[in-house]
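Read through the structure below, which is laid out as structure tokens, and then see the notes.
When a residue number appears, it is its place in the shown sequence, counting from 1.
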Amino acid sequence: MSNFTPANREFESIAEFELTLLKEEYFFIQNTIEDYNRQIWVIKALGITGTGAAIALTLQEKQGLIALLGCAIPAFFWVLEGQWKHFQRGFYPRAAELERILVTEYNLRGPAIFGDWSRVFKRTNKPKRNGLLWDGILNPSVFISYVLEIGFLLMLSIVKLR
């Protein structure tokens with residue numbers, strides 16, 4: 001965390017003070033979003049590891065029931081990652097608002113980390129639907145890997161049950 005303390009600095013004007021606070025908030029939010037990304041990757045890795053263990057155990061024991069029960073592992077991590085993604089998306093509107101303020105009110109050319117990324121990937125900072133279900137669990141960046149894992153485990157359970 002930054003050791004920046006506005007009270008210890010001398011500012012020429014209230015506008016300079018406000019600009020400093022806005023920049024600090026912007027980069028704090030960007031760091032927070034990145035911290036969520038790091039945690040989301042850890043969650044995804046743990047989920048894949050658990051699924052891999054269920055697959056290995058199914059193949060070793062030749063029991064389709066293990067694969068069927070193993071579907072709970074990616075389902076659990078899917079919900080967990082969905083929660084983290086939902087919390088992370090709560091910071092997007094403020095990041096976009098801060099970029100707009102810095103560009104329009106202070107005539108800066110940047111920062112544009114969030115805006116440029118959103119534009120390139122055709123994303124919006126305001127989702128069509130709000131809530132944990134839509135922002136998190138059914139977010140394509142969250143659910144695709146888990147649906148594939150569950151689908152593979154279900155196919156494995158059918159093959160091993162015969």
Side-chain angles (χ1 to χ4, degrees), residues 1-5 21-102 110-162:
M1 182 165 297
S2 171
N3 61 1
F4 175 77
T5 52
L21 289 178
L22 289 170
K23 289 189 298 188
E24 287 291 319
E25 180 184 3
Y26 177 76
F27 288 110
F28 174 79
I29 287 175
Q30 285 298 332
N31 285 333
T32 302
I33 290 170
E34 287 304 313
D35 287 343
Y36 272 103
N37 278 338
R38 281 187 279 281
Q39 294 303 314
I40 285 169
W41 279 109
V42 168
I43 292 167
K44 196 171 286 290
L46 289 171
I48 290 171
T49 302
T51 299
I55 290 169
L57 191 59
T58 300
L59 294 174
Q60 180 182 355
E61 299 297 323
K62 295 184 173 74
Q63 293 291 321
L65 184 60
I66 295 170
L68 197 58
L69 294 173
C71 289
I73 295 168
F76 169 77
F77 284 103
W78 180 0
V79 171
L80 183 61
E81 183 181 338
Q83 288 176 322
W84 279 92
K85 180 56 83 174
H86 175 63
F87 297 150
Q88 179 190 44
R89 286 187 60 87
F91 290 97
Y92 290 5
R94 183 61 179 166
E97 180 183 13
L98 288 169
E99 285 183 4
R100 183 196 57 75
I101 291 169
L102 292 169
I113 298 166
F114 182 79
D116 279 355
W117 183 91
S118 298
R119 184 179 43 76
V120 167
F121 290 102
K122 297 176 178 66
R123 304 284 167 80
T124 178
N125 65 331
K126 293 182 181 177
K128 294 174 188 168
R129 298 181 180 119
N130 289 320
L132 172 61
L133 183 65
W134 300 105
D135 281 348
I137 295 172
L138 296 179
N139 185 314
S141 68
V142 173
F143 79 80
I144 290 174
S145 63
Y146 297 108
V147 167
L148 291 172
E149 290 173 46
I150 291 169
F152 187 77
L153 285 167
L154 289 174
M155 287 187 342
L156 189 59
S157 72
I158 291 169
V159 169
K160 288 296 174 182
L161 285 175
R162 291 184 180 186

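Taking 4.5 Å as the limit, every side-chain heavy atom of Thr58 sits out of range of all side-chain heavy atoms of Gln63. The closest side-chain heavy-atom distance from Ile158 to Leu68 is not below 4.5 Å. Taking 4.5 Å as the limit, some side-chain heavy atom of Gln60 sits within range of a side-chain heavy atom of Leu57. The side-chain heavy atoms of Trp134 and Asn139, taken from C-beta on, include no pair separated by under 4.5 Å. Taking the side chain as every heavy atom from C-beta outward, Ser157 and Leu65 never approach each other to under 4.5 Å. Two residues are said to be in side-chain contact when any heavy atoms from C-beta on lie closer than 4.5 Å; Asp35 and Gln39 fail this criterion. Side-chain atoms of Lys85 and Asp135, non-hydrogen and from C-beta on, never get closer than 4.5 Å to each other. Inter-residue side-chain proximity for Thr51 and Phe152 is flagged as unmet; no heavy-atom pair is nearer than 4.5 Å.
Separation of atoms CG (Leu59) and CG (Leu156) is listed at 5.5 Å; rounding is to 0.5 Å. Between Ile29 atom CD1 and Glu34 atom CD the span is 13.0 Å, to the nearest 0.5 Å. Here the CD1-CD1 distance, from Ile113 to Ile33, works out to 9.0 Å after rounding to the nearest 0.5 Å. Here the CG-CZ distance, from Leu132 to Arg89, works out to 12.5 Å after rounding to the nearest 0.5 Å. One distance of note links OH of Tyr146 with CD1 of Ile150; it measures 10.0 Å at 0.5 Å rounding. Atom-to-atom distance recorded for Leu46:CG and Ile73:CD1 is 11.5 Å, nearest 0.5 angstrom.
Among residues two or more places apart in sequence or in another chain, the side chain to side chain donor-acceptor pair (under 3.5 Å) test is passed with Glu25 by Arg94.
For the salt bridge (charged side-chain N to carboxylate O under 4.0 Å, His left out) condition, the pairs that include at least one residue of residues 42-59, sequence neighbours left out, are Lys44-Glu81. Sorted pairs that involve residues 65-75 and meet salt bridge (charged side-chain N to carboxylate O under 4.0 Å, His left out), not counting sequence neighbours, are lacking altogether.
The aromatic rings of Phe91 and Tyr36 sit tilted relative to each other, their planes meeting at an angle between 30° and 60°.
In terms of heavy-atom proximity, Glu99 sits nearest to Pro111 at CG-O, 3.4 Å. The two residues Ile137 and Trp78 make their nearest non-hydrogen contact at O-NE1, 2.7 Å. The minimum heavy-atom distance linking Ile66 with Ala54 is given by the pair CG2-O, 4.0 Å. Nearest heavy-atom pair across Ile43 and Phe77 is O-CD2, 3.7 Å.
Counted within 6.0 Å of CZ on Phe143, heavy atoms from surrounding residues, nucleotides or ligands total more than 12; the atom is thus considered enclosed.
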